[in-house]
Amino acid sequence: MTFNPLTQESAIQSKWLNDGAFHISTRDMGQRQPYYVLVMLPYPSGRIHMGHVRNYTLGDVAARFQRMRGKAVMQPLGWDSFGLPAENAAIKNGTHPAIWTRQNIADMKAQIQRLGISYDWDREIASYLPEYYRWNQWLFLQMWKRGDVFRAMRNVNWCEALGTVLANEQVVDGRDERTGHPVVQKSLEQYFFAITKYADELLAGLDKLDWPDNVKAMQRHWIGKSEGARLRFDVEGHDQIEVFTTRLDTLYGVSFLALSTEHPLIQAQTDEDADLRAFCARIKAQSREERLMADIKEGHRTKLHAVHPFTGELIPIFAANYVLMDYGTGAVMGVPAHDERDHEFALKYGLSIPKVIESDDPWQPGILINSGEFSGMASAEATAAMITKLAGRAVGAVTFKLKDWGLSRQRYWGTPIPTVHCPDHGVQPVSEDELPVRLPEDVEFTGHGPSPLTTSKSFLEAKCPICGGAARRETDTMDTFVDSSWYFLRYLDPKNEHLPFDKAAVDPWMPVDLYIGGIEHATMHLIYARYFHKVLRDLGMVSCDEPFQKLICQGMVLKDGFKMSKSKGNVVDPDDVLARYGADALRLFMIFAAPIEKELDWTGFDGIEGSTRFLKRVARMVDEHTVNAEPLPARDQLSREEKDLLHKLHLTIHRITEDLAVRFQFNTVVSGLMELINAMADLPADSPHRAPVMQHALDAFARMLSPVAPHLAEQLFEQLGGRGFVMQAAWPEANPSWMQADEILVVVQVNGKVRGRVTLPAGATETDRREAALACAEVRPHLDGKEIVKVVLPPNGKLVNIVVKN
RNA sequence: GCGAAUGUGGCGGAACUGGUAGACGCACUGGAUUUAGGUUCCAGCGGUUCACACCGUGCGGGUUCGAGUCCCGCCAUUCGCACCA
C-alpha cells in the first residue's frame with residue numbers, strides 16, 4: 001500500500017470514531033490505572049493555529065502512549081467560549097455572539113479532528129451554554145454562603161463619552177483604542193472572590209507540584225508573602241496611622257511617614273489643603289504607564305505630624321506617589337538610611353537621614369546603633385524586643401501581594417452574576433432553583449455603550465428573594481477565568497443535571513496527571529484554578545488538594561524567529577499544511593523539531609518535507625517486507641547483524657519508553673525511531689533469518705510510531721498482520737537480555753585522550769580490559785618510552801584510561 | 001534594579017549518574033538512477049592541515065586519571081516581576 005495520507009487518514013479517523021476508540025468512562029476503567037491528560041481550554045476563535053497543533057499533539061502523544069501501556073486514559077476537550085471577541089464580532093457583523101461562537105466551535109472542531117487527536121468528544125463542554133454557566137452561578141452561590149464572595153469598590157477604566165467600562169487591553173495611552181475618547185479611573189462597587197484567604201496554602205502547595213521551576217517561581221512572586229509588623233503612630237489631632245514594615249528594627253531611623261495619595265487621612269486633608277488636593281489629582285491622573293516611566297519619587301508635605309512612639313519626636317507626614325494604597329496599609333514609615341526608596345525621597349525633600357543599623361550593606365539587617373535601649377542588639381532580636389516594648393501598638397503581621405480576585409465584568413457575553421438589587425434588602429443572591437439566570441436574547445449590539453444587559457427589560461426585572469418585591473437584576477457578568485477554573489471537573493461528569501459534577505465521578509480521575517499549555521497562564525489561570533479547587537475541597541466536592549499534579553509549558557511556535565501574527569503576515573495555517581502533507585507529517589514535525597518547552601521555529605516547508613520523507617521510507621520498508629509468522633529463532637542461531645539489530649531494537653524500546661514516561665523528552669522519541677529504521681535498513685538483504693527478525697522489529701516499530709504518527713501506524717500494523725487497532729495494542733517491552741550485547745566496544749584513552757578502541761566479549765574482566773588496552777596497536781606509540789603511572793578502569797566497563805608520564 | 005533560565009557545527013538539536021562531543025534531522029557538496037526536473041539510493045559534511053597531528057561545547061580560572069556536564073568569577077541572550085514598604 002502506498003503512503004497516501006490525504007486519503008487514508010480520514011478513513012482511519014472514521015474507523016476510530018465509529019468504534020468509539022477514544023471513549024472512556026469510570027465504569028470501563030476496570031483494573032486499569034487512570035491517566036488524565038489535559039490541554040488548556042481553547043478560545044474558539046474559529047481557526048486553529050500552530051500553537052494549538054503543538055499543544056494538542058503533545059497531549060495526544062502522552063495519551064496514546066499511556067493508553068497502549070494499559071492505562072485508562074481520559075482526554076477531553078471543550079471551549080472557553082465567553083469573552084470580548086464574540087461581542088466585537090457581533091458589533092462588526094451583526095451576528096449574535098451565540099451564533100458566531102457556535103460556528104467557530106464547529107469549524108475548529110473539524111480542524112482538530114483532522115489532526116487525529118484522541119479526544120473523547122462525548123465529554124465536550126462549552127462555557128457559553130446555560131448547561132455549563134448555570135454551574136458557575138451555582139458555585140458562586142455556594143461561595144457566597146461561605147463568605148468567599150464579597151462586594152467592594154474598585155477602580156475601572158471608565159469612558160464617559162461612551163458610557164461604558166473598558167478592558168485594560170482596550171485602553172491605549174489613556175484613550176479608547178477605537179474611538180479615541182478619553183478614559184478615566186472610576187470607582188465602582190464590584191464582586192470579589194476572597195482568594196487571599198488561601199494565600200498561605202497556595203504558596204505552600206507549590207512545593208508538592210511537579211511543575212516547571214519558573215512557573216512556581218512566578219506564582220511565589222505573584223503571591224508575594226512578606227513578613228513584618230504593623231505599627232500604629234499617633235497623629236497630632238487625628239486618628240492613628242497604621243504602617244506595615246518588614247524592618248521594625250529601624251524604627252529609631254524614621255524621619256517621615258509617607259502615605260498613598262488615596263489614603264483616607266490624605267483624602268480628608270484635601271478639603272482644607274488646596275495644594276495637596278492638586279497634587280493628589282495630578283498623581284491620580286497619571287496612567288499606570290506614566291507612573292512607571294517617570295520613575296521619579298514625588299511627595300507633598302502635609303500639615304500633619306506623627307509622634308515617634310519611643311522618642312516622642314514629631315515626624316512630618318507626606319503624601320507620596322510611590323506608596324500604593326492596595327498594598328499593606330497604604331502607609332509606610334520612611335527610614336532613609338536603610339531603605340533605598342526612602343533615601344531617594346529624603347534627599348529630594350531635605351529630610352534627615354539618621355543611621356541606626358551597622359551593616360556592610362545599608363539596606364540589610366545588622367546591629368542596632370543610636371536606638372536607645374535596643375542599641376547593640378541584632379536586627380531580629382531588636383524587632384522582637386520592640387514589639388514587646390510597644391505593648392500592643394505593634395503586632396507581627398504578614399502581607400501578600402496577591403489581591404482578591406475581582407470577578408465583575410461590565411459585559412454582555414459572560415455568565416450573569418446571580419444576584420438582584422432590592423431597594424429594601426440590598427444585594428441578594430437569587431435562589432438556586434431559579435438557575436440558570438440566562439442571558440437575554442432581546443438585546444442589540446450597537447458598538448460602544450453600556451452593556452446590553454443594562455438595556456434588556458426582560459432581564460432587569462426581578463423579584464427580591466426576601467420580600468418578593470420588585471428588584472433590579474445584577475448586570476455584571478463573570479470574568480471568564482471563572483469558567484476555566486473548574487472545567488476539568490465538568491469534563492468528568494459533563495451531563496450532570498443536578499450538580500456541577502458528582503464527587504464519585506471526579507475522585508477516581510483527579511488530580512490531572514499531565515496538564516499542557518502555554519506559559520502565558522503561569523499566574524492568572526493556574527492560580528485561580530488552584531484556588532477554586534481548594535474551595536471545592538472545602539465544600540466537600542473534591543478530595544485532593546491540588547488539581548494539576550504535573551504541568552508542562554510548551555514553547556511558542558515561531559516563523560523566522562518571530563511569533564506568528566496576522567499583523568506580521570507570517571502566519572502558517574495548519575489547514576494548508578494538513579492539505580499538503582497530512583496530519584502524521586505535521587504531528588511528527590511538531591514533536592521532532594524542538595524540545596517541548598523551547599520555541600519551535602517553522603523555518604519553511606523543509607522541515608515537514610523531512611518528516612514526510614521519513615514516513616514514506618517507513619511505509620516503503622513495510623511494503624517490501626513479507627509478512628512472517630515464524631517465531632523468532634533462538635539467539636545462537638542468528639547472524640551477527642541480526643543480533644545487532646535486535647540489540648538496537650530493545651535498547652530503543654527502553655529509551656523511547658523512558659523518554660515518554662519519565663523524561664517527557666518527546667523529540668528524542670522521534671530520533672530514536674529514525675535510528676531504528678536506519679538500523680533495519682542496514683540489515684543485509686540475504687540475512688539468513690531476515691523475515692522473522694524484520695517482522696519482530698517492524699511490529700515493535702509500528703506500535704512505537706503510533707503515538708506520534710497514529711494514522712500510518714494503523715495502516716502498517718494492519719499490513720504486518722496485526723489484529724484490531726494498533727492504538728489499542730500493547731506497548732512493546734524491552735527485553736533485558738537483548739539489551740545486553742555480546743561484545744562491548746571499549747575506548748582506550750591515554751591521559752584522557754582517545755587513542756584507540758578494542759572490542760571485547762561482554763564477560764570481559766578488568767584484567768582483560770587492562771591487557772587489551774595496553775596491547776592495542778593504535779595506543780602503543782603513545783606509551784613508548786613513558787612510565788605508566790596507573791590504569792583507570794571505570795565500573796561501566798566501556799573505557800580504559802592509561803595515565804603516563806615522560 | 002530584582003528573580004529565573006539558557007549559551008554545543010551553517011540551522012534545529014543529542015550526549016540520561018563526570019567517561020568516544022556533535023546522535024537524529026534540515027541545509028549544503030559530490031556521485032548513481034533518470035531525456036530533464038523531482039523522487040530514490042550511495043558518499044561527504046566542526047575548524048586548521050597534503051598528512052601526522054593539533055584545536056574545539058560563550059569567556060577566564062579551579063577540582064579530577066578524565067569536564068559540554070561539578071565549583072568560583074565574568075560576558076551575552078531570553079523570559080518573568082518591576083516603587084510590594
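Here is how names work: the chains are called A, B, and so on, in the same order as the sequence lines, proteins then strands, and each is numbered from 1. All values below were derived from every heavy atom in this structure, side-chain atoms included, with hydrogens, water molecules and symmetry-related copies excluded.
Counting distance only, with no hydrogens placed and no angle test, the side-chain atoms of A/Asn801 and the base atoms of B/rC65 include a donor-acceptor pair under 3.5 Å. In the interface, the side chain of A/Lys790 is not paired with the base of B/rC65 through any donor and acceptor atom under 3.5 Å apart. A donor and an acceptor atom never sit less than 3.5 Å apart when one is taken from the side chain of A/Arg613 and the other from the base of B/rU39.
When the C1' atom is used for both B/rC52 and B/rU69, the distance is 31 Å, rounded to whole Å. Taking the C1' atom of each, B/rU33 and B/rG38 are spaced 13 Å apart, rounded to whole Å. Distance noted for atom C1' between B/rU29 and B/rU6: 33 Å (whole Å). B/rG7 and B/rC74: their C1' atoms are spaced 14 Å apart (whole Å).
For A/Asn667, no side-chain nitrogen or oxygen approaches OP1 or OP2 of B/rC24 to under 4.0 Å. Within the 4.0 Å cut-off from OP1 or OP2 of B/rA14, not a single side-chain nitrogen or oxygen of A/Arg655 is found.
Within 4.0 Å of A/Arg755, counting heavy atoms only, lie sugar-phosphate atoms of the nucleic acid but no base atom. Note on A/Asp659: nothing from the nucleic acid sits closer than 4.0 angstrom, heavy atoms only. Here A/Gly607 lies out of heavy-atom contact (under 4.0 Å) with every strand. A/Lys616 comes within 4.0 angstrom of no nucleic acid atom, judged by non-hydrogen atoms across all strands.
Protein atom CD1 of A/Ile591 is 18 Å distant from nucleotide atom P of B/rC26, rounded to whole Å. In this structure, the CG atom of A/Asp606 is 14 Å from the P atom of B/rG38, given to the nearest Å.
Considering only heavy atoms from C-beta on, A/Lys355 comes within 4.5 Å of A/His338 through its side chain.
Nearest-nucleotide positions on RNA chain B place A/Asp601 closer to the 5' end than the other of A/Asp601 and A/Arg757. With RNA chain B read from its 5' end, the first of the two nearest nucleotides for A/Lys798 and A/Val803 is the one closest to A/Lys798.
You'll find the ring centres of A/Tyr528 and A/Trp405 inside the 6.0 Å limit. A/Phe256 has its ring centre no less than 6.0 Å from the ring centre of A/Tyr349.
Around the NZ atom of A/Lys798, the shell of radius 6.0 Å holds no more than 12 heavy atoms that belong to other residues, nucleotides or ligands.
With respect to the salt-bridge test (charged N to carboxylate O, under 4.0 angstrom), the residues A/Arg282 and A/Glu298 qualify.
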